[in-house]
Amino acid sequence: MQTMKLELSISVICLQIWICMGGGSISYTTPSGGSGTANVDENASGGTVLLDVDVTNNGGTVTFSMANEFLQIHPTSGVITVRNGVVIDYETLPSDKTFTVTFGASDNGGTPLEGTLVVTVNDVNEAPTFAGEELVQKGISVNDKTYENEAVANVRARDPDMKGQKVANDHFIDITTRVVWSIEVIAVDGGNPSLTGTATFHIGVCKLCSNSG
């Protein structure tokens, strides 16, 4: 009897499947549809929160971006805040006291989204400041022959809100009793409630000197 030997070779094919997460559609939920509004006080400090941007997507990490001189957006949380070191000045903005910023959101391979935010700036009363601060630094010289009731310096105050201001106290000095005088001048603005600014001026009495300032 003849014996036949049969050899069977089986090949196994391994299939690798790569699954890519993300890259699906994303959409804004806050602000609605990517368009919204926010308010901020002028001179708001850095880090003041205006809005938390939220999106929905099909997976993957969402990255946010923004290019604006006043505001910034956190790249992963989407929180919009005031930049550190900037000054948002109500008085120098256009008449509608608003500005518009654009921001973006994208995931791993999906189509990037762009949103807009219209920011309204609120007016805040600001204390007056004194113009001619050089008078504070170098002082004021008064001739010992100055006549009674003669003005020795013109001190000016500025209200950033342009509501008007007044100097709250007048000073009269007796140049025969003291060589150096320190005078505190107070300026009051027209806000409600009103705010004040102060400056101290040093006046020196000398013989035959020229008035400065």
Side-chain angles (χ1 to χ4, degrees), residues 12-131 133 157-163 165 189-199:
V12 179
I13 301 175
C14 295
L15 179 64
Q16 289 184 317
I17 302 177
W18 294 89
I19 301 176
C20 180
M21 300 299 295
S25 62
I26 60 176
S27 60
Y28 287 111
T29 55
T30 304
S32 178
S35 179
T37 59
N39 292 74
V40 65
D41 290 341
E42 69 168 326
N43 303 321
S45 58
T48 299
V49 176
L50 277 74
L51 186 70
D52 186 355
V53 176
D54 292 319
V55 299
T56 59
N57 71 328
N58 296 333
T61 301
V62 176
T63 302
F64 298 94
S65 61
M66 172 189 291
N68 183 262
E69 61 177 316
F70 298 127
L71 307 180
Q72 61 188 358
I73 189 169
H74 193 278
T76 56
S77 69
V79 176
I80 297 177
T81 59
V82 176
R83 287 184 178 275
N84 290 323
V86 304
V87 177
I88 304 177
D89 186 12
Y90 177 89
E91 284 72 32
T92 58
L93 289 172
S95 59
D96 61 356
K97 305 304 179 185
T98 65
F99 61 92
T100 302
V101 298
T102 59
F103 52 90
S106 62
D107 65 1
N108 298 334
T111 302
L113 295 180
E114 185 176 274
T116 60
L117 185 68
V118 179
V119 180
T120 300
V121 179
N122 305 319
D123 190 15
V124 175
N125 189 26
E126 300 166 272
T129 58
F130 281 87
E133 290 295 332
R158 174 185 177 274
D159 183 2
D161 304 304
M162 296 176 287
K163 296 184 176 69
Q165 65 281 319
D189 72 5
N192 185 20
S194 61
L195 296 177
T196 61
T198 62

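Note that the coordinates shown come from a computational prediction; the quantities given were computed from them, not determined experimentally.
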For Asn84 against Gly46, the heavy-atom pair lying closest together: OD1-CA, 3.2 Å
Contact summary for Val62 and Ala105, nearest pair of heavy atoms: CG1-CB, 4.1 Å
CD1-OG distance between Ile88 and Ser45, expressed to the nearest 0.5 angstrom: 10.0 Å
Ser106 side chain to Thr63 side chain, donor-acceptor N/O pair below 3.5 angstrom: no
Residues Leu93, Thr98; criterion side-chain contact (heavy atoms from CB on, under 4.5 Å); working and verdict: CA-CA 7 Å; Leu93 289 172; Thr98 65; over 6 Å; no
Exercise: identify the closest heavy-atom pair between Glu91 and Glu42: OE1-OE1, 3.2 Å
Which residues share a side-chain hydrogen bond (donor to acceptor under 3.5 Å, both in side chains) with Thr76, sequence neighbours left out: His74
Shortest non-hydrogen contact between Asn39 and Leu50, atoms and distance: O-CG, 4.2 Å
Sub-4.5 Å side-chain heavy-atom contact between Val49 and Ile80: no
Verdict with supporting geometry, Leu117 and Leu51, side-chain contact (heavy atoms from CB on, under 4.5 Å): CA-CA 9 Å; Leu117 185 68; Leu51 186 70; 3.8 Å; yes
Pair Thr56-Ser27, side-chain hydrogen bond (donor to acceptor under 3.5 Å, both in side chains): steps then yes or no: CA-CA 5 Å; Thr56 59; Ser27 60; 2.9 Å; yes
Side-chain heavy atoms of Phe99 within contact of Val121, under 4.5 Å: yes
Test applied, side chain to side chain contact (heavy atoms under 4.5 Å, CB included); reference residue, Tyr90; option that passes from Asn43, Val124, Asp123: Asp123
Full working for side-chain contact (heavy atoms from CB on, under 4.5 Å) between Val79 and Thr81: CA-CA 6 Å; Val79 176; Thr81 59; 3.8 Å; yes
Gly104 to Tyr28 - nearest heavy-atom pair and separation: C-OH, 3.7 Å
Short side-chain to backbone donor-acceptor contact, Thr30 and Val53, under 3.5 Å: no
Heavy-atom side-chain proximity of Met66 to Leu71 below 4.5 angstrom: yes
Which atom of Thr100 lies closest to which atom of Asn68, heavy atoms considered: O-ND2, 4.4 Å
Any pair counted as ring-ring contact (aromatic ring centres under 6.0 Å, His included), so long as it reaches residues 31-63, sequence neighbours left out: none
Check: Phe64 ring centre within less than 6.0 Å of Phe103 ring centre: no
